[in-house]
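Here is how names work: the chains are called A, B, and so on, in the same order as the sequence lines, proteins then strands, and each is numbered from 1.
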Amino acid sequence: MTFSGKKAIRYFLAIILIFSLNFAIPRAMPGDPLANLLGEDVMLTEESIAELRAKMGLDLPLHEQFLAYWRDIFSFDLGYSYHLHSPVSAIILSRMKWTLLLAIPSLILGAILGTFLGALAGWKSRDAGQKFETGLVLMIYCTPPYFLSLLFLYALSFKLGLFPLKGFYSTGSALDIAHHLMLPVIVMTLFSLSRNYMIMRGSVIQERGNLYAAYARAKGLYGEEILFRHIFKNAILPIITLLALDFGFILSGALFIEIVFSMNGMGNLIYDALLSRDYPVLQGSFLVITVMVVSANLLADLLYSRIDPRVRWQ
Amino acid sequence: MRSGLHYFAVSLLLVFMILGTAAQGEESSGTVLKIGTPNIVKSPSLVGDYYLGIFAHLSNPPLMKMTPDGKIEGLTAESSEVSDDGLTWTFKIRDGLRWSDGENVTPEDVKFTFDYLAKQDPNTAWMKDVVSEILVQDDSVVFKLKKPDSSLSLELATHNVLPKHIWEKVENATEKIDEGEIVGCGPFVISKTDIGAGIVYFKKNPYWTGTQPKIDAIELHTFSNMDVLSLALEKGEVDAYWKYAGTYPAANVQKLKDTGKFEIEEKPNVGFAILGINLKREPMSDIKFREALAYGINYDEILKLDAQGYGQVANRGFVPPSMAYFKETEPLKYDPDQARKILAEAGYKDSDGDGVLETPQGKAVKLTLLIQSSYQRMAELMVDYLKGLGMTAEIKTVDQSTWYTLKESFDYDLTLTRTTPWGMMVYANWGSAYFDSRRTGQGVLRTVDDPEYLKLCDQIMAATSKDQLEEYAHEMQDYYAKNLPAIPLYWGEVITPYNKDWTGWISNPLYGIYNADNFLSVQKA
Amino acid sequence: MSMRHDINAPILQVVGLSVRFETPLGLVHAADDVAFDIYEMETLALVGETGCGKSVVASAIMQLLPGNAVVEGKALFSKMDLLKLEEKEISRVRGNEISIIFQNPSLSLNPIIEVGEQIAEPLQVHRKMARRESHQVAKGFLSRLGLGERSLMRMYPFQFSGGMNQRVMIATSMILSPKIIIADEPTKGLDRALARDVTSEIEKIMDLTGASLLLITHDISLAAMISDRIAVMYCGEIVEMGKCKDVLREPLHPYTCALLDCLPERGFKPIAGASPSMIDPPQGCKFHPRCPYKTQECMQKQRIRKIDGDERQVRCWQY
Amino acid sequence: MAGDFNRVASCKATEWAKILRLDMRGLRIALFGLLLFLTIFILAAFSDIFAPYDPWNRFEPFLAPCREHILGTNDLGNDILSELIYGSRVSLIVGFGAALMATLIGTLIGLFAGYFRGLMDETLMGITDVFLMIPQIPLIIILAAFLRPSFWLVALIMGALWWTSTARVVRSKAMQIRETSFIECSRSLGFSHMHIIFSDILPNILHVIMPKFLLTIASAMISEASISFLGLGDPTMKSWGMMINFAFTRGGFINGYWWWYLPPGLCITLSVLSLVLMGFSLEEREEETMRIE
């Protein structure tokens, strides 16, 4: 079997498995999903409860619910959230837009800054200034995202009033959105950066010991020329895989940042859905995130083979 | 590297495209009152969303309203009458009301609303059990009941009235979402619901003929984080605070006072924190045990830690002084010695010497304290108090829905929860909605099936004269004081801070400052 | 092979070169008081067993040793001491005036860069030549080495055999017509036929560019084939040096004799004893523990004996 | 005789000193990490000795730092320093539990995949790929909510998800060692596969498992702190994440009580740092020795 064939089967199995998990986990949890479709103070009769239950398909046996689940997936129907009174796909679409707006710039900035700074740090790992920088990045690497967000929010928004206190936007103009996004993007960039930085640094330290690096030097390449003409491309290979895996992390990790900055993105959507046992939203969100992560991995595989001819020619 | 740059450019383009499609908000013009609230609107569904439904009391005013002194008066209805047998209620609809699209408000609209919601909205489904039919007579709406319900007028102070010409086309009320303007007949109508920004915009109803408001628009800013809300108040980004059936956190009050820019209104809260007791289980079914429990709780400490002292220690009569026909019963008191004495006399002792009491039947008193995470701190205190009485308790923290489930299946020993003003007043009033075992509902405990109590509830529901009601109310408070079906932890206060730039605030016990009278009166100084 | 070097002054003069490494196990004396000259158009072979320090000498001249190396001595090249040059200055010499061919071509080439680009790189770096132009030149060189197909330029090292990669290395080293080429075990790991091919490629290019060659090898027959002079190294020291035919016909140092006896055509006799530790080398002559002719003096001191002026020298008490 | 003995001894001593000094060069940072980690570990193990009070004791609430309460008190009046010291326990237990589990699974899968190759390798690495693609953080949050309040289970879930990188490293190392002559030798002697895997290969890859183990503890600690912050932690245990959560939700930030939220945050960062320092420097050393080989 060819290499790509094997990969394809793995991706396929991953999707099947994770989709099934999506179905199973919410149903395994305690708590009646119906109760949360209503608010506090609601007085209900038994009959209207049963009516609602039937309407939502919760009275069907599990295997039928499972079949219905797959049918819906194939017809791109992610269900209806009785909690949010909208089709799940519409909710996710409107929320995902914002989360991507937060995540993609952070991911790109983090990747670019992280790899370049990390490469330089690995190249000059004995330099005192670099060591200080590495220490700083390591501190960020070791701090939970939400805590750093809290500190930034407290210092820059609460104390100095430089940034808005909450949300993705208030008036909705591009400038307003940019102003709201700046601080969360900075925090997420720092995190993405710190992860890429550490990997890239280690990768460069490892690669620079290879013979081809010595030969590049023997050819007359000087200093950073060796790094950027020869080592960088080799060292960046592990980052590509990591970026794809980080994509899932950042999408879901945005949860914490969204909570701290009170932003209505996917993270808060999942968190609310979790607390209220909003099955359709939970399932839909996981489904979409899974598809995105798997596609990101696929993309990384393609990119990897673009950069690394050894994979391409296998 | 060139291909890398290529990807970068494409991604950047994508970001700008997303930015381009982002929602375009709007800014209200003129004098705008901005209210900050932790009650989050989750979807722009007037009937489906719990908090949007409450906010819409301003745009789609209910038939009745509560006055600042707690009486029920007409709002969309001008007046109401009830027949002597309590089975016929007549509401005369106010003249000159018009929907924001120019149509007149008619009794037909009201009849349609309740016929429609009884079928469509689970929150209104109770009507099917209570109301046999709704009729239109001239300019009035008549409700014919199956059985007497003295709390009907209160119920009708919480249900929005809908325009028939719009909603009769809507097949599924809870599923109708509307981010833009929603037709209403109040002084203000919802012009936009921006879930992303967490803002609900109200503008003046152009066809409003009543008292003209002194402000041009209202914005409700929702906050998921209390600290951010406090800061927004401090910075003047919002002018006042409001939370349904709740208070501004006492711990944050001092900071607001320090700015000197705020008026802090303190009103007694009709709803409050309680210790729910599962009367269907041993040893909680033992009145002696509950008696001891009541003496074992340090009410002063809870009041201080949970409410920074804003409130007072409750009486055994449960019902707070701010409710009608309040009767002064014996105050709750912290006396652990007394508690231990009662336990010992009732046969609770630690016979196996493991430090934990056993019931007279010989079972160790190990209790489960069921809570939602917001009661975590109070639960820690409670466990400590129970320890002081020689009992062990395990805290079981669950989310809201699990709490409902476990509460419904009586799978707990003790629980910490709270009552709301509406919950205290509805049904047979005086908190009966929480205890009558025949009631169902999300917040209710339904633990009491004592025939004496159930009969009392029925009598109140059927009562038509004030004297009768007063007598039953006192009887009920005496019942609570004697039987302790739940223990009120403290009677709190509603703290409502508002900016001194604004004057003319009016509040009522049911909805605080969120009422039509207030928004017609409030003005910028 | 003529005495080309008689006419000119040496272009590279190595004097008293010592290299030590600090390692976890102690100080390793990899090269000790190494001295030799290379003249224009000449081939000097540095011969010795694996681990005797010959590669270290080559790397030391190019300042390619790792950070834990301590280098002493001089390497004079066009009035510069290579060992004292700053990294920036030596980088202009590397590849441009002195180039080196590493012993492991498959690992020395960057695995994910097309070979054409790798050959052309010195032109871009030293001559600031444009990409397209440099690739044209590189292609010309590659075809002279018998790899003329156009598509080969766009291949990657892992798609080539060891021999082909070696040719790529050779082409890369010569593309700037350097004055000196250092070939570090160019035939290691290649079979005899391939080794002969590579050798003749090297000779061909040498003649073409007129460069001098410092050939580092353990293979005496290879050295015999193409070198003008031979220097035999043992345990970090040059023990014998002279014209190729002289040394081979009439070896002086007992180690050289022993080394020649190892050759298959001379009976495949192994050298008695084990190679000494480079950390704690023997006192005096380092070969004495294995030397059949050792005397008391050998165990204490060394002596360098020069014969025919500087033409021939040997590090032994017998002479 | 005595002189001889001394000479030998001193020689040995200098040898050792040399080896140690060199080892130290790579390990100085790891040693710093170890020291930091030991401090935290000792604080956790002997919390009752180091903590000035029982962390559940109540004093005056919202006290600023003073002599009796070095880090003040929280909203319930608990001594924050004592909470902080006791809080180290949850972090460490969850971290170790998760890492043990992850390392166990990862090592087993990596060993089998690397040793048997073929179909076994294909299958196991396929499973690894699938696990890598599960959106883990949301899954952990969901399961944490589901299985609350036992933090042991939280640790086990994390462990069950985080073995993938260990498995990959162990597999490639096992494949290397499998080809060495002494394994060939064991095989020709007729030892069983299990014996070869666990007695011959496993001891030779412990040094690559160790840094992975440390780094897994670190990520588990961060995740535990994050889950506690969401209020999904074990309410019967004081943990650092929960301290920050209470400071965040009960007015700690708005009122500027830095002594309430800053110390637990720093503690998380420092303990993770201690592990990451050890893990990274061990990994780097491993790479360096590979190059020397």
Applying side chain to side chain contact (heavy atoms under 4.5 Å, CB included), run through D:L262 and A:L151 and close with a yes or a no. CA-CA 9 Å; D:L262 222 45; A:L151 292 184; 3.6 Å; yes
What residue in [options] has the most heavy-atom pairs under 4.5 Å with chain D?
| options | answer |
| --- | --- |
| A:Y154, A:F158, A:Y271 | A:Y154 |
| A:I18, A:T290, A:L13 | A:I18 |
| A:A14, A:P144, A:C142, A:A296 | A:C142 |

Part of [X] lying under 4.5 Å from any heavy atom of chain A:
| X | result |
| --- | --- |
| D:A218 | neither |
| D:I244 | side chain |
| D:M221 | neither |
| D:F131 | neither |
| D:L277 | side chain |

Nearest heavy atoms of D:F248 and A:V260, plus distance in Å: CZ-CA, 4.3 Å
Can you name the nearest heavy-atom pair linking A:M139 to D:L273, along with the distance? SD-CD2, 3.8 Å
Would one find more than 12 heavy atoms of other residues, nucleotides or ligands at under 6.0 Å from atom CZ of D:F32? no
Is the number of heavy atoms from other residues, nucleotides or ligands within 6.0 Å of CZ (D:F41) greater than 12?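 At most 12 heavy atoms, drawn from other residues, nucleotides or ligands, come within 6.0 Å of this atom.
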Residue pair D:I268, A:F147: steps toward the side chain to side chain contact (heavy atoms under 4.5 Å, CB included) verdict: CA-CA 10 Å; D:I268 296 168; A:F147 188 66; over 6 Å; no
Contact class of A:L17 relative to chain D, heavy atoms under 4.5 angstrom: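 Side chain of A:L17 only, per the 4.5 Å heavy-atom cut-off to chain D.
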For chain A, find which of D:W258, D:F229, D:Y261, D:F280 contributes the most heavy-atom pairs closer than 4.5 angstrom. D:F229
Distance in Å, A:Y146 OH paired with D:S226 OG, rounded so as to fall on 0.5 Å steps: 5.5 Å
From A:T143 atom OG1 to D:L270 atom CG, the distance as rounded to the nearest 0.5 Å: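 A:T143 atom OG1 to D:L270 atom CG measures 9.0 Å (nearest 0.5 Å).
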